[in-house]
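Heavy-atom basis, side chains included; hydrogens, waters and symmetry copies ignored.
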Amino acid sequence: MPGEKDAAGEDLRGKVFRLASVVGYQVGAVVSRTLVDKDAGTVTLFSFDKGQGLSEHTAPFDALVQVLNGEAEISIAGAPHRVRAGEMIIMPGGKPHALKAVKRFKMALVMIRS
């Protein structure tokens, strides 16, 4: 299944690891890594280089964002929110949202579909 193995092919299930170390930074890029991909939902890690982001889009389900390090501006329905390491925000389903790296940042995104 996608995301169950690390880059070296090691199975991550049943292992202790630091979320922020699973995905690295790349200059001028957004990097993502899916850890869990099930019918009920997904857990995906992202890293954003400074200035990088995701343009405004809408998802049908609520999505929980936990910033692991750095700082992001997350807008929901046009309202900007600064989210820093150790903080979380829930992006409501059906409302447009966008993300931009104020500083390099990493986040875990949890989306529950049911």
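- At a threshold of 4.5 Å between non-hydrogen side-chain atoms, the residues M111 and D62 do not count as touching.
- A distance-only check finds no donor-acceptor pair linking the side chain of R104 to the backbone of G51 [under 3.5 Å].
- I76 is listed as a side-chain neighbour of I89, based on a closest heavy-atom distance under 4.5 Å.
- Between V83 and E71 the shortest side-chain heavy-atom distance does not fall below 4.5 Å.
- The closest side-chain heavy-atom distance from V22 to F17 is below 4.5 Å.
- Crowding of I90 atom CD1: a count of heavy atoms from other residues, nucleotides or ligands under 6.0 Å not exceeding 12.
- Rounding to the nearest 0.5 Å gives a distance of 9.5 Å between CG of L45 and CG of L109.
- The shortest side-chain heavy-atom distance between R82 and V102 falls under the 4.5 Å cut-off.
- Because its NZ or CZ atom is both nearer than 6.0 Å to the ring centre of Y25 and within 45° of the ring axis, K106 counts as a cation-pi partner of that residue.
- Taken from CE in M88 to CD1 in I74, the straight-line distance is 11.0 Å, to the nearest 0.5 Å.
- No side-chain heavy atom of V67 sits less than 4.5 Å from a side-chain heavy atom of E87.
- Cluster membership for L19 and V23, using ILVMFWY side-chain heavy atoms within less than 4.5 angstrom, is shared.
- Remark: K100 does not engage E73 in a salt bridge, criterion side-chain N to carboxylate O under 4.0 Å.
- Residues L12 and L35 are in side-chain contact: their nearest non-hydrogen atoms beyond the backbone lie under 4.5 Å apart.
- Taking OG of S47 as the reference point, atom CG of L68 lies at 10.5 Å (rounded to 0.5 Å).
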Between H97 and E56, does a side-chain contact (heavy atoms from CB on, under 4.5 Å) hold up when you go through it step by step? CA-CA 5 Å; H97 55 270; E56 188 173 74; over 6 Å; no
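- Side-chain atoms of M107 and Q66, non-hydrogen and from C-beta on, never get closer than 4.5 Å to each other.
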